[in-house]
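Note on naming: letters A, B, ... go to the chains in the order of the sequence lines (proteins, then strands), and numbering restarts at 1 for each one.
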Protein chains: 2
Amino acid sequence: MPESKPKFRRESPEQRRVQLIEATLRVIARKGVSAATVREISAEAGVAFSLIRHHFKTKEDLMYAAYAFHMHKMAQVSLSAATDTARPLKERIKQCITDTLSPPVTDGAALQVWAGFIQMVPHDARMKQIHMDTYLGFRDALEPLIVEALRSQGNHADPARIEQKAIACNAVLDGLWLEGSMLPDMLPAARLIDVAEFAIFAILELAQPD
Amino acid sequence: MPESKPKFRRESPEQRRVQLIEATLRVIARKGVSAATVREISAEAGVAFSLIRHHFKTKEDLMYAAYAFHMHKMAQVSLSAATDTARPLKERIKQCITDTLSPPVTDGAALQVWAGFIQMVPHDARMKQIHMDTYLGFRDALEPLIVEALRSQGNHADPARIEQKAIACNAVLDGLWLEGSMLPDMLPAARLIDVAEFAIFAILELAQPD
DNA sequence: ACATTTACTGCACGTTTGTACAATAAAGCC
DNA sequence: GGCTTTATTGTACAAACGTGCAGTAAATGT
């Protein structure tokens, strides 16, 4: 019985990289960034800690990858409804609000990861670039919805006013995301969504739904 | 010439504590939380690194003190206009908006410090307490302004609707604070204030100013 | 001027960190 | 089945971390 139990499994570099990234995010969510050491992460992933440096040149590189991965996932969940042109406009807006202000986007763990990375942004050009890309991606996906909403009721499409409303709607979502993630007991998802719908429809000067 | 230049200056515990706290916040703002080691902080303050443990039982205690100090300072700047009952209501609201969305409250360095501490909140009961206190303090100071604004124009003071509007206004300020601190080039203070005034007056169903 | 207090310094200790490198073994190819 | 490739492991190491403690000196009261 020579090969009854292999000592480890050999994975493709792509799969292993994703495993290590997801282990990193789990550790950060559970214990914070300072606890995300190579030893802790590799234990979470179930591999030797020296394996990390075989797939990532430095630990910093793993952090870059984890940040981009996390942001991309959040944006995808949050905006998946925005481009679904089959559904009516109001439905799409409400779906975006709901997706943004419910788990797993509005969530203590996600906030932990986000806050941990945010503090690296000003000191690191690559982190800053990742941040800019995801933020502008979010705003670019949201603005067409707002333009459409204003046009649909014959509102004057002054570009300056459109941008003003886009920034304001974005701020409402960001602010509620922040507070809902930090104080979930005080502000459950249903309450956040209710407030967001009211505020955004007020800003867009649309008739309140329901 | 025995005592030409003393090797160090002896300060009162209270003064030295504040000096160490402020040095901590400067280091965090400049290099992030991970760079805020006892050696780095004490170098910033111009003292031996072992002095920290003479004034704070542990390094964690210094962090608690720095967090509370930072939050208290931000809330004070942001809300100083709220209680100034001599000025007319609209002026007070606009002043609060301006104070909140200008430096030093809306500022990259302040965001750095805040983000660094936020990630400790879920894992630490004392940090959580400090956070709750400052957050509720902010909301309690803002809500009377909103109640007064709604009452002033004979609006129906349904408590549920008042709280809804208070949460929404809070979210606008939080969201703009966040985005303005992260992307100051894209969103300068003047733009933030402009958007905030528009959005908050829309939410409160007040006539737009100017 | 001297004694007392304690803010302050300087150094050493054990732990944990990211990194480096040689040895090992799993998987694919012939 | 043997050979090659390389994903994976295990160990070692220097640097940096928070902490402990004995000694020093600045300020204060007498």
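Considering only heavy atoms from C-beta on, A:Glu44 stays 4.5 Å or farther from A:Thr24 through its side chain. Residues B:Val47 and B:Leu20 are in side-chain contact: their nearest non-hydrogen atoms beyond the backbone lie under 4.5 Å apart.
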remark   = Its contact letters, B for base, S for sugar-phosphate only and - for none at protein heavy atoms under 4.0 Å, make nucleotides 6-13 of chain C read BBBBBBB-
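Atom CG in A:Leu20 sits about 10 Å away from atom P in D:dT9, given to the nearest Å. In this structure, B:Glu40 places its CD atom 15 Å from C1' of D:dG18, rounding to the nearest Å.
The residues B:Glu197 and B:Lys90 are annotated as not salt-bridged, no charged nitrogen and carboxylate oxygen being separated by less than 4.0 angstrom. A salt bridge between B:Glu60 and B:Arg126 is absent, with no side-chain N of the basic residue lying under 4.0 Å from a carboxylate O of the acidic one. The residues B:Glu22 and B:Lys73 are annotated as not salt-bridged, no charged nitrogen and carboxylate oxygen being separated by less than 4.0 angstrom.
Of all the residues in residues 113-120 of chain B, not one reaches under 4.0 Å from DNA chain D with any non-hydrogen atom. Contacts with DNA chain D (heavy atom under 4.0 Å) in residues 57-70 of chain A: none are found.
With hydrogens and angles disregarded, no donor-acceptor distance shorter than 3.5 Å links the side chain of A:Arg92 to the backbone of A:Thr85. Of the possible polar contacts, one joining the A:Lys165 side chain to the A:Ile203 backbone as a donor-acceptor pair under 3.5 Å is found. Formation of a donor-acceptor pair under 3.5 Å by the B:Glu40 side chain with backbone atoms of B:Val27 is not found in this model.
The aromatic rings of B:Phe117 and B:Tyr67 sit tilted relative to each other, their planes meeting at an angle between 30° and 60°.
Nearest heavy atoms, B:His123 versus A:Gly32: NE2-N, 3.3 Å.
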